[in-house]
Number of protein chains: 2
Amino acid sequence: MTRKKPDASEASTERLALYTAASRAAGIRLTPQRLEIFRVLAATESHPDAEAVHRAVQRVMPTVSRDTVYRTLWRLHDMGLVATLGPSRDRVRFDTNVGPHHHLVCLGCGLVQDFVSATLDGLALPPGVSQWGRVYDTQVEARGLCLACLKAGRATRETTQEKASDER
Amino acid sequence: MTRKKPDASEASTERLALYTAASRAAGIRLTPQRLEIFRVLAATESHPDAEAVHRAVQRVMPTVSRDTVYRTLWRLHDMGLVATLGPSRDRVRFDTNVGPHHHLVCLGCGLVQDFVSATLDGLALPPGVSQWGRVYDTQVEARGLCLACLKAGRATRETTQEKASDER
DNA sequence: AGCTAGTTGCGAATGAGACGCAACAACGAA
DNA sequence: TTCGTTGTTGCGTCTCATTCGCAACTAGCT
């Protein structure tokens, strides 16, 4: 399914070039620590957390601080070059709806809205998935901006806190 | 899309009954604080975090502790009566793959595996979604157990920490 | 080579969530 | 209905991810 092996390292250097180009374009300075973080990120095929990136960077450059890693990660995130897993940037959120349903995630305010769709409920996954393990259910996560955030001209990250935790 | 208004409160009492029945069946005591937490959860249409639930419960029962809310929430989660949003229970994880792809989330070890599927990339959402706002991209999250966890007979939650943060 | 604004690293602060334990209370038994 | 057992509660404490303030530092333009 993932047919990534053939071009893993090419994809890596390509991604690295993307990071540096985008940084230069954004007027962001290319410090050695940033370059090293870029290298680590470009090479990864997994979904590391900030600590994992930090550890990997420290192997080559032992003095980089945790903070710099966090800052760089969010910088790239703001530029749209890395994403975060799941809708929330913060605490765990619960979903009391256990029936089949899907999510509309607003990248502006963090609100998550349920929606139902019979056609999306029984999505067929590619056959290769069976080699991974057993899938119990699938759900679609649609990311975008809700009307309020569109109107407010709100971008993606930042201001993600106030409404994010609803229920007063 | 969400056609929930007609039966919101029915769904709520129904859900409350489900919680109490399941608890009784599991031999879990129905304390007043738990019942109140159940009521709050059964009534919510959103995706609250633990703090939000705590605040809502405290409005009616000011002495309940934060801890009891957490414990009850995870209890329900273990019974499969509430879910969490997104794959991670802990820190933020990053995804360096910005191209269209989808996720296989292992509920046992927390590992997330990418997979690609052209048919899943351009999923059509129900028309009602346009009233919510603008969707920039959709991705499928398939939840299940990877081979290793299946073999280890690992259930869902718990032991979710070790492998969850890969990249060494 | 010199400037200067953007960066770094550190120590400390914040805040979610987990833990240990003693007092407490469901609820089946008598 | 009372009793006893055992699961629960709430508190104080602890951990650990992530963020902040700030002084020292340096990319990159001139």
Side-chain angles (χ1 to χ4, degrees), chain A residues 19-21 23-38 47-55 57-58 61-79 82 84-86 88-94 110 157-162 164-165 167, chain B residues 19-38 48-55 57-58 60-79 84-86 88-94 110 157-162 164-165 167:
Chain A
Y19 295 161
T20 56
S23 298
R24 233 185 286 273
I28 289 176
R29 291 186 187 166
L30 291 174
T31 66
Q33 28 278 78
R34 248 176 237 188
L35 284 173
E36 187 51 39
I37 295 169
F38 287 176
H47 305 83
D49 57 45
E51 286 305 324
V53 176
H54 187 209
R55 277 193 301 274
V57 170
Q58 282 198 314
M61 193 181 279
T63 61
V64 272
S65 72
R66 206 174 345 122
D67 242 55
T68 299
V69 172
Y70 275 107
R71 286 186 286 227
T72 303
L73 243 14
W74 288 124
R75 207 58 153 270
L76 288 174
H77 181 261
D78 290 346
M79 293 194 285
V82 306
T84 54
L85 247 39
S88 60
R89 301 207 314 84
D90 44 344
R91 31 267 171 83
V92 177
R93 312 238 312 263
F94 296 87
R157 205 164 94 70
E158 285 88 291
T159 23
T160 313
Q161 302 318 307
E162 318 92 65
S165 156
E167 197 77 17
Chain B
Y19 294 160
T20 57
S23 298
R24 232 185 286 273
I28 289 176
R29 291 186 188 166
L30 292 174
T31 66
Q33 30 276 77
R34 251 184 257 213
L35 285 172
E36 187 52 38
I37 295 169
F38 287 176
D49 56 44
E51 287 304 325
V53 175
H54 186 209
R55 277 194 301 276
V57 170
Q58 282 198 315
V60 175
M61 194 180 279
T63 61
V64 271
S65 71
R66 204 174 355 118
D67 242 56
T68 299
V69 172
Y70 276 108
R71 285 186 286 228
T72 303
L73 243 13
W74 288 124
R75 206 59 150 270
L76 288 174
H77 182 262
D78 290 345
M79 293 194 284
T84 55
L85 247 38
S88 61
R89 302 207 312 85
D90 43 345
R91 36 272 178 74
V92 177
R93 307 219 340 245
F94 296 88
R157 206 165 94 71
E158 286 86 290
T159 25
T160 313
Q161 301 319 307
E162 318 93 66
S165 157
E167 197 77 17

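Below, chain A is the first sequence line, B the second, and so on; all start at residue 1.
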How close or far is atom [atom2] of [N] from atom [atom1] of [X], stated in whole angstroms?
X       : N      : atom1 : atom2 : value
B:Asp78 : C:dA18 : CG    : C1'   : 14 Å
A:Arg91 : D:dT19 : CZ    : P     : 13 Å
B:Gln58 : D:dC11 : CD    : P     : 9 Å
A:Leu30 : D:dC29 : CG    : P     : 10 Å
A:Tyr70 : C:dG11 : OH    : P     : 17 Å
B:Glu36 : D:dT9  : CD    : P     : 13 Å
B:Glu51 : C:dT14 : CD    : P     : 17 Å
B:Leu35 : D:dT8  : CG    : P     : 13 Å

Short side-chain N/O contact from A:Trp74 to OP1 or OP2 of D:dT18, under 4.0 Å:
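No, because none of the side-chain N or O atoms of A:Trp74 sits under 4.0 Å from OP1 or OP2 of D:dT18.
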My understanding is that only residues two or more places apart in sequence, or in another chain, count here; which of them pass side chain to side chain contact (heavy atoms under 4.5 Å, CB included) with B:Ala26?
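In terms of side chain to side chain contact (heavy atoms under 4.5 Å, CB included), with neighbours along the sequence ignored, B:Ala26 is linked to B:Ile28, B:Met79.
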Can any side-chain N or O of A:Arg93 pair as donor or acceptor with the backbone N or O of B:Leu85 at less than 3.5 Å?
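No; zero donor-acceptor contacts below 3.5 Å.
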Counting N and O atoms only, with roles assigned by atom type, does the side chain of B:His54 sit under 3.5 Å from a partner on the main chain of B:Tyr70, one being a donor and the other an acceptor?
no
From the candidates C:dC27, D:dA27, C:dG17, the one with an atom nearest any side-chain atom of A:Pro32 is D:dA27
Side-chain heavy-atom pair A:Tyr19, A:Val82 within 4.5 angstrom cut-off
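The answer is yes; the side chains approach within 4.5 Å.
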Side-chain contact test, heavy atoms from C-beta onward, threshold under 4.5 Å: evaluate it for B:Val92 versus A:Trp74 and give yes or no.
yes
Residues forming a side-chain hydrogen bond (donor to acceptor under 3.5 Å, both in side chains) with A:Ser65, sequence neighbours excluded:
A:Thr68
Among residues at least two apart in sequence or on other chains, which ones pass side-chain hydrogen bond (donor to acceptor under 3.5 Å, both in side chains) with A:Ser23?
none
By the salt bridge (charged side-chain N to carboxylate O under 4.0 Å, His left out) test, which pairs, at least two apart or in different chains, include something from residues 23-37 of chain B?
B:Glu36-B:Arg39
Divergence of helical axes at both termini of the helix from C:dA1-D:dT30 to C:dA30-D:dT1 - five pairs an end, 10° steps:
30°
Can you list everything that forms a salt bridge (Lys or Arg N to Asp or Glu O under 4.0 Å) with A:Arg71? Sequence neighbours excluded, please.
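Salt bridge (Lys or Arg N to Asp or Glu O under 4.0 Å) check on A:Arg71 returns A:Asp67.
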Can you check each nucleotide of nucleotides 3-10 of chain C against protein heavy atoms at under 4.0 Å and return B for base, S for sugar-phosphate only, - for none, in 5' to 3' order?
--BBSBBB
